[in-house]
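The block underneath contains the structure these notes are about, expressed in structure tokens.
Note on naming: letters A, B, ... go to the chains in the order of the sequence lines (proteins, then strands), and numbering restarts at 1 for each one.
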Amino acid sequence: MIQALRGMKDLLSPNSQRYIYFVENCSRIAKNYGYEYIETPILEETALFKRSVGESSDIVGKEMYQFIDKGNNDVCMRPEGTAGVVRAFIQQKFDRAGVKKKFFYHGPMFRYERPQKGRLREFHQFGVESFNQANIKEDATIILMLKEMLDFFGIGYKLELNSLGCSECMPKYKEKLVNFLQDEDDICDDCKRRRDTNPIRVLDCKVKSCQEIYQDAPLLLDNLCSTCRDDFTQLKSILDKFDVKYTINPKLVRGLDYYNKTAFEFVSDEIGAQSAIAGGGRYDKLVEYLDGKPTSGIGFAMGIERLIDLIVMSETAREGYYIGALCDEASDLCFELAINMRKTKKVNLEYNKKSLKAHLKNADKQNARYCVCVGEDELAKDLVWVKDLQNKEEKSITANELLG
RNA sequence: GUGAGUGUAGCUCAGUUGGUUAGAGCAUCGGGUUGUGGUUCCGAGGGUCGUGGGUUCGAUUCCCAUCAUUCACCCCA
């Protein structure tokens with residue numbers, strides 16, 4: 001038997017219904033905020049992700065679905081959504097036009113990892129990206145939009161917030177941190193590696209002994225320049241005003257290299273060891289990194305699989321028709337009836353003749369609202385028998401009445 | 001990549017201290033005398049006991065390998 005590759009799942013009912021429900025409503029909300037749908041290719045040049053996500057990240061370091069195609073191109077299945085959208089933004093020359101643009105997207109992402117609860121090799125994200133809105137109000141707006149989405153689905157969460165500083169204060173801070181780390185020999189091997197590649201990542205190391213050492217480490221939040229500090233203060237006050245609960249996590253570091261200033265993560269404790277259900281932040285340098293004109297950007301992405309388990313969906317009401325023949329002679333009529341009715345109604349047809357009891361059972365199992373049967377009695381009188389499975393009323397009517 | 005657990009019917013799982021024809025519940029199909037569902041009763045079909053090798057008179061059971069899967073680490077959505 002051939003089965004799906006490790007970490008790749010088929011999407012079937014009822015999860016497929018949840019998936020559509022989730023994407024449709026997130027799209028609706030994003031449109032209300034002025035976002036437009038964008039779809040970018042799943043396959044991109046590998047260099048795109050190396051330059052945007054960053055060589056120092058685990059995603060690029062060991063998790064990419066990367067291969068050489070038949071034209072000898074180094075290509076990669078996208079591990080996240082932002083890079084492709086930014087590439088498209090630049091390719092369309094929106095950076096040169098200097099226009100504000102807001103996009104939302106959803107689709108599959110690929111990371112070559114060992115699967116576990118809430119973590120797949122092929123998973124799906126819903127995300128948004130907003131370009132050329134340097135105002136801190138945009139940071140707040142994007143968080144409010146994300147909160148609105150999660151609230152709509154009744155999903156519980158905690159919001160964690162941090163500021164990573166800008167190109168002015170971040171390098172200075174990084175230097176300070178490296179100096180601090182220089183004297184520490186008791187940190188774990190991973191942290192020693194991070195000290196050279198991406199020192200800020202040591203802060204969210206999960207090794208206890210490391211965390212004890214970092215108690216005294218300089219924090220980003222204490223080293224922000226005045227602009228970043230003011231923006232962060234303003235962001236907090238907007239969130240307060242709109243009743244968004246959050247906790248400041250000075251050690252929150254996003255896994256992708258391109259973030260600066262506002263960084264946030266929505267977490268849940270109901271989905272196993274993987275707690276992040278959505279994450280995002282600002283990336284004001286990314287467009288430049290990818291050869292565009294300097295353009296600010298901010299966005300977030302949600303992990304759809306992690307979220308749809310948490311969605312509470314109302315029970316689906318009985319819907320549509322079930323049609324079945326009680327004798328062989330009626331089977332052609334039932335077939336014709338079903339084909340015609342389907343122009344306006346949902347119809348499930350049973351091809352085999354069965355007892356009335358069997359048909360009713362089937363109709364009930366399929367959650368149909370009406371059960372339609374045709375047998376010898378009906379054929380003789382040129383009628384069809386219809387029962388409303390919800391209020392149990394039954395009657396015999398003509399085929400035309402049923403079509404209308 | 002590392003570690004631990006699990007692979008017996010479509011699904012959830014019993015079971016065999018190694019011994020004839022391997023069990024249950026749910027699901028499926030049929031039936032409970034004339035054409036009435038979501039609750040019942042009866043019956044039926046369906047399993048190379050993950051795969052390969054080893055020990056043994058005999059393995060689904062013990063041993064080894066392998067594959068798959070789950071959870072966790074790492075990291076992330």
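Pairing for G47(B) is absent, judged as Watson-Crick or G-U wobble with the two contacts each under 3.5 Å. Of all nucleotides present, only U70(B) satisfies the Watson-Crick or G-U wobble test against A4(B), with each distance under 3.5 Å. G30(B): Watson-Crick or G-U partner is C42(B), with both key distances under 3.5 Å. With both pairing distances under 3.5 Å, U17(B) is matched to nothing as a Watson-Crick or G-U wobble pair. When both distances must be under 3.5 Å, the Watson-Crick or G-U wobble mate of G52(B) is C64(B). Remark: A24(B) base-pairs with U12(B). Criterion, Watson-Crick or G-U wobble with two distances under 3.5 Å.
The side chain of Glu378(A) lies closest to G35(B) when the candidates are G35(B), G37(B), C76(B). In the set A72(B), G37(B), U36(B), G37(B) carries the atom at the smallest distance from any side-chain atom of Asp364(A). Considering only side-chain atoms of Phe123(A), the nucleotide from A77(B), G37(B), G35(B) that sits closest is A77(B). With C73(B), G37(B), A77(B) as the candidates, the nucleotide lying closest to the side chain of Arg114(A) is C73(B). Here C29(B) is the nucleotide among A77(B), G38(B), C29(B) with the atom lying nearest to any side-chain atom of Asn362(A). In this structure, the nucleotide among A77(B), G38(B), A68(B) sitting nearest to the side chain of Glu113(A) is A77(B). Checking U36(B), U40(B), A72(B) against the side-chain heavy atoms of Trp385(A) singles out U36(B) as nearest. Closest approach to the Asp377(A) side chain among C29(B), G35(B), G37(B) is made by G35(B) (side chain taken as heavy atoms from C-beta onward). The listed nucleotides are G35(B), U70(B), U40(B); the one nearest the side chain of Leu356(A) is G35(B). Closest approach to the Lys387(A) side chain among A77(B), G37(B), U28(B) is made by G37(B) (side chain taken as heavy atoms from C-beta onward).
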Q: Run the numbers on Arg87(A) and Glu44(A) for salt bridge (charged side-chain N to carboxylate O under 4.0 Å, His left out), then give the verdict.
A: CA-CA 10 Å; Arg87(A) 197 223 75 239; Glu44(A) 296 268 9; 2.4 Å; yes
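In terms of polar N and O atoms assigned as donor or acceptor, the side chain of Arg306(A) comes within less than 3.5 Å of the base of C76(B) in a complementary pairing. No N or O donor and acceptor, one from the side chain of Arg6(A) and one from the base of A68(B), sit under 3.5 Å apart. The base of G38(B) is not paired with the side chain of Gln366(A) by any donor and acceptor separated by under 3.5 Å. One N or O donor and one acceptor, one from the side chain of Lys392(A) and one from the base of G38(B), sit under 3.5 Å apart.
Positionally, the nearest nucleotide of RNA chain B for Lys62(A) lies more toward the 5' end than for the other of Lys62(A) and Gln125(A). Across the interface with RNA chain B, nearest-nucleotide mapping of Leu326(A) and Glu265(A) shows Leu326(A) to be the residue nearer the 5′ end.
Between U69(B) and Lys9(A), no contact under 4.0 Å exists linking OP1 or OP2 to a side-chain N or O. Using a 4.0 Å cut-off, no side-chain N or O of Lys357(A) falls inside it from OP1 or OP2 of G30(B). Regarding contacts with the backbone of C73(B), a side-chain N or O of Gln116(A) is found under 4.0 angstrom from either OP1 or OP2.
Less than 6.0 angstrom separates the ring centroid of Tyr19(A) from the ring centroid of His124(A). The aromatic ring centres of Phe104(A) and Tyr37(A) sit less than 6.0 Å apart. The aromatic ring centres of Phe153(A) and Tyr21(A) sit less than 6.0 Å apart.
The residue Glu394(A) sits close to a base: some heavy atom pair falls under 4.0 Å. Using a 4.0 Å heavy-atom cutoff across all strands shown, Gly118(A) reaches at least one base atom of the nucleic acid. Residue contacts shown for Leu389(A) include a base, since a base heavy atom lies under 4.0 Å away. Lys353(A) comes within 4.0 angstrom of no nucleic acid atom, judged by non-hydrogen atoms across all strands. Residue Leu120(A) is classed as a base contact, given a heavy-atom separation below 4.0 Å to a base. Here Ala363(A) lies out of heavy-atom contact (under 4.0 Å) with every strand.
Cation-pi geometry between Arg28(A) and Phe152(A) is satisfied (NZ or CZ under 6.0 Å from the ring centre, within 45° of the ring normal). Cation-pi check for Lys101(A) over Phe131(A) is not met; the charged atom does not lie both under 6.0 angstrom from the ring centroid and within 45 degrees of its normal.
One interatomic measurement links the two molecules: CG of Asp309(A) to P of A77(B), which rounds to 18 Å at whole-angstrom precision. We find that CE of Met8(A) is positioned 13 Å from P of A68(B), with the value rounded to whole Å. Taking atom CG of residue Leu12(A) and atom C1' of nucleotide C11(B), one finds them 14 Å apart after rounding to whole Å. The nearest whole Å value for the distance from the CG atom in Asn391(A) to the C1' atom in G37(B) is 14 Å. In this structure, NZ of Lys365(A) is placed 10 Å from C1' of G38(B), rounded to the nearest angstrom. Whole-Å rounding puts the Lys354(A) NZ to G31(B) C1' distance at 13 Å.
Checked by atom type and distance alone, the side chain of Arg111(A) pairs as donor or acceptor with a backbone atom of Pro79(A) at under 3.5 Å.
Rounded to whole Å, the separation between the C1' atoms of A4(B) and A59(B) comes to 27 Å.
Looking only at atom types and distance, the side chain of Asp240(A) has a donor-acceptor partner in the side chain of Tyr246(A) under 3.5 Å away.
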